[in-house]
Amino acid sequence: MISPLSTDALNLTTLIPALEPEIMPVLGSDPMAGLQAASELLSSAGYQQGDIFWITDGIDNDQVAELRAYLNGIPYRMSVLLVGTEQGAPVTLKNGQFLKDRRGDIVVPKSFDHQLKSLAAQTGGVLVHMQADASDIDYITRQTLVERDTNDEQQDDNQGDQWQEAGPWLLLPILLFAAASFRRGWLLSVVGALVLTQPTKPVYASDIASAWHTRDQLAQQAFEQGEFKQAAALFENPMWRGIAAYKAEDYETAAQAFSQASGIEAQYNLANSLAQLGQLDDAIALYDAVLGQQPQHSDAQANKALLENLKKQQEEQQKQQEEQAQQNEQQQQDSQQQNDEQESEQNQQQSEQQQSESDASEQEQQQEEQQSEQQAQESDAQEQQERSAEESSALEQQMQLENLLNKVPDDPSYLLKRKMLLEYQQRRRTQTLSPAEENW
């Protein structure tokens, strides 16, 4: 199910372009599961009557009995839009190859209408072949609208109360009563009654609601126009608010939004946001949580491996910086020892050259200047090495974070693929294969 029952077509505008067979986790045919889902959707919404439209290229003979038994037990009418011909044709996949079954043979669906026409007639529905124009859709919906016109009472319940043309019939007795009781206060009461009983144009709740857009719809428009910051402020849905904030590079807001959503994708997106904020340990822990629920989540696997590699490089860089600091300290000690030795030699030379105090004093001053210059050079070299190491580490970390290829998905087809995969895996764990299911 892509969307709950709603009169608001905007709920489907962003999803309709992504509805293609490739979003399904496996290729195959299971008409019983589709009819059950449609029937349960109508029943959950409280509809005692309703229409189910089945778009299909045909069924096998061994599927007819189960479908006929199920249709006998539901109160809804089913109509069929048949796609294909009796001669059949191979199915071309998105990659240009033909669809094959498990034996490697090319699947050639052939459409025979007698079985489907019988099933549709069993529920009071019709069958129509797909046409190049819109005549098939017009026909199948026009049949449904004719039937609905007989349900005036149910239609009134959906539209709300309407004014009835009853005011003019009350006009004569009210005027007679007003003439017999001609007082100021009575006359004003009669005029007020006449105003209140005038019929007005019916006003339905749907007419008022259509004049406004919900916050999520306004946010979706802003998102499609690339105004992600504005979309993040408008979205009430925490998942979409997080995606918009992420696209706006507001990772703190994205993390807060994803933490309010539920499900595997919310955890995965929260991990991506924390990774952008530099919280690598927390991001890795969330990737582990996602993989614990869905070990085949390739994006979580790739991002976790990338962050672990990045963290390892950071630790190695920190270790190298510590080793470099130790080397610098050792160099300082060696330099100090060398200076001490030089100073000792200089003192010895001074003792030997006591004959000329002025020369000895001048030589000592020169040695002190050389020592000061040497220390200044060593200090500058050490600062330059530390600065270079920090800049190199920061630059490498930034480049690796920017190379996170698996970012938050904002493609509706990607989200639908995830949804279909999770629901398929859950159904495989809790249900057995239906006799009417055929996997290609």
Requested in this report: Take Gln384 and Asp380 through the test side chain to side chain donor-acceptor pair (under 3.5 Å) and record every step on the way to the result.
Outcome: CA-CA 6 Å; Gln384 185 175 2; Asp380 293 341; over 6 Å; no
Report task. Please report the C-alpha distance between Gln314 and Leu280 in whole Å, then the side-chain angles of each, then the deciding distance to 0.1 Å, and finally whether the side chain to side chain contact (heavy atoms under 4.5 Å, CB included) criterion is met. Result -> CA-CA 11 Å; Gln314 290 178 347; Leu280 304 186; 3.6 Å; yes
Report task. For Asp105 and Lys100, run salt bridge (Lys or Arg N to Asp or Glu O under 4.0 Å): C-alpha distance rounded to whole Å, both residues' side-chain angles, the deciding distance at 0.1 Å, then the answer. Result -> CA-CA 5 Å; Asp105 299 330; Lys100 298 181 180 179; over 6 Å; no
Report task. Report the C-alpha distance between Ile243 and Phe223 in whole Å, list the side-chain angles of each, state the deciding distance to 0.1 Å, and finish with yes or no for side chain to side chain contact (heavy atoms under 4.5 Å, CB included). Result -> CA-CA 10 Å; Ile243 293 175; Phe223 187 92; 4.0 Å; yes
Query raised in the report: For Thr123 and Ile74, what are the C-alpha separation, side-chain angles and deciding distance, and is it a side chain to side chain contact (heavy atoms under 4.5 Å, CB included)?
Result: CA-CA 9 Å; Thr123 65; Ile74 63 174; 5.5 Å; no
Requested in this report: For side chain to side chain donor-acceptor pair (under 3.5 Å), just list the numbers for Gln332 and Gln382, CA-CA rounded to whole Å, side-chain angles, deciding distance to a tenth of an Å, and then say yes or no.
Outcome: CA-CA 10 Å; Gln332 289 180 353; Gln382 181 180 356; 2.7 Å; yes
Requested in this report: Mind running side chain to side chain contact (heavy atoms under 4.5 Å, CB included) on Leu291 and Gln301 for me, showing each step along the way?
Outcome: CA-CA 7 Å; Leu291 293 173; Gln301 292 175 349; 3.4 Å; yes
Query raised in the report: Given Asn272 and Tyr287, is the side chain to side chain donor-acceptor pair (under 3.5 Å) satisfied, shown in steps?
Result: CA-CA 9 Å; Asn272 286 349; Tyr287 287 136; 2.3 Å; yes
Requested in this report: Show the numbers, then the answer: is there a side chain to side chain donor-acceptor pair (under 3.5 Å) between Gln293 and Gln267?
Outcome: CA-CA 11 Å; Gln293 302 175 60; Gln267 289 182 311; 2.7 Å; yes
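Using modelled atom types, one finds no donor on one side chain facing an acceptor on the other under 3.5 Å when comparing Thr253 with Arg241. Donor-acceptor pairing under 3.5 Å is lacking for the side chains of Glu86 and Ser111. Asn339 and Glu343 form no side-chain donor-acceptor contact under 3.5 Å, judged by distance and modelled atom types alone. Side chains of Asp136 and His129: no donor on one and acceptor on the other come within 3.5 Å. Gln115 and Asn61 share a side-chain donor-acceptor pair at under 3.5 Å.
Asp250 and Lys229 are not joined by a salt bridge, as no carboxylate oxygen comes within less than 4.0 angstrom of a charged side-chain nitrogen. In summary, Asp57 and Lys110 do not engage in a salt bridge, as defined by a charged side-chain N under 4.0 Å from a carboxylate O.
Counting heavy atoms from C-beta on, the side chains of Ile284 and Glu308 come closer than 4.5 Å. You'll find the side chain of Gln122 reaches within 4.5 Å of the side chain of Asn72, heavy atoms only. A 4.5 Å side-chain heavy-atom check between Gln330 and Gln333 finds at least one atom pair inside the cut-off. In this structure, the side chains of Lys312 and Leu310 stay at 4.5 Å or more apart for every pair of heavy atoms. Taking 4.5 Å as the limit, every side-chain heavy atom of Phe235 sits out of range of all side-chain heavy atoms of Arg215. Within the 4.5 Å cutoff, no side-chain heavy atoms of Leu274 are placed close to those of Tyr251. A heavy-atom distance below 4.5 Å is not found between the side chains of Leu93 and Phe98. Looking at Tyr424 and Leu422, their side chains never come closer than 4.5 Å, going by heavy atoms from C-beta outward.
Surrounding CD of Gln131 are more than 12 heavy atoms belonging to other residues, nucleotides or ligands, all under 6.0 Å away. Residue Glu252 qualifies as open at atom CD: its count of foreign heavy atoms under 6.0 Å is 12 or below. Dense packing is recorded around CD of Glu20, with more than 12 heavy atoms of other residues, nucleotides or ligands lying under 6.0 Å away. In Glu323, the CD atom is crowded: over 12 heavy atoms of neighbouring residues, nucleotides or ligands sit closer than 6.0 Å.
Put simply, CH2 on Trp54 and CG on Leu67 are 5.0 Å apart, with the number rounded to the nearest 0.5 Å. Within the model, atoms CG of Leu81 and CG of Leu116 stand 11.0 Å from one another, a figure rounded to the nearest 0.5 Å. The CD atom of Glu236 sits 7.5 Å away from the OG1 atom of Thr214 when rounded to the nearest 0.5 Å. Distance check: Gln324 CD to Gln326 CD gives 10.0 Å after rounding to the nearest 0.5 Å. Leu35 CG to Leu119 CG: the interatomic distance, rounded to the nearest 0.5 Å, is 9.0 Å. Separating the CE atom in Met420 from the CD1 atom in Ile23 is a distance of 4.0 Å, to the nearest 0.5 Å.
Ring orientation note: the planes of Tyr268 and His297 are tilted relative to one another, at an angle of 30° to 60°.
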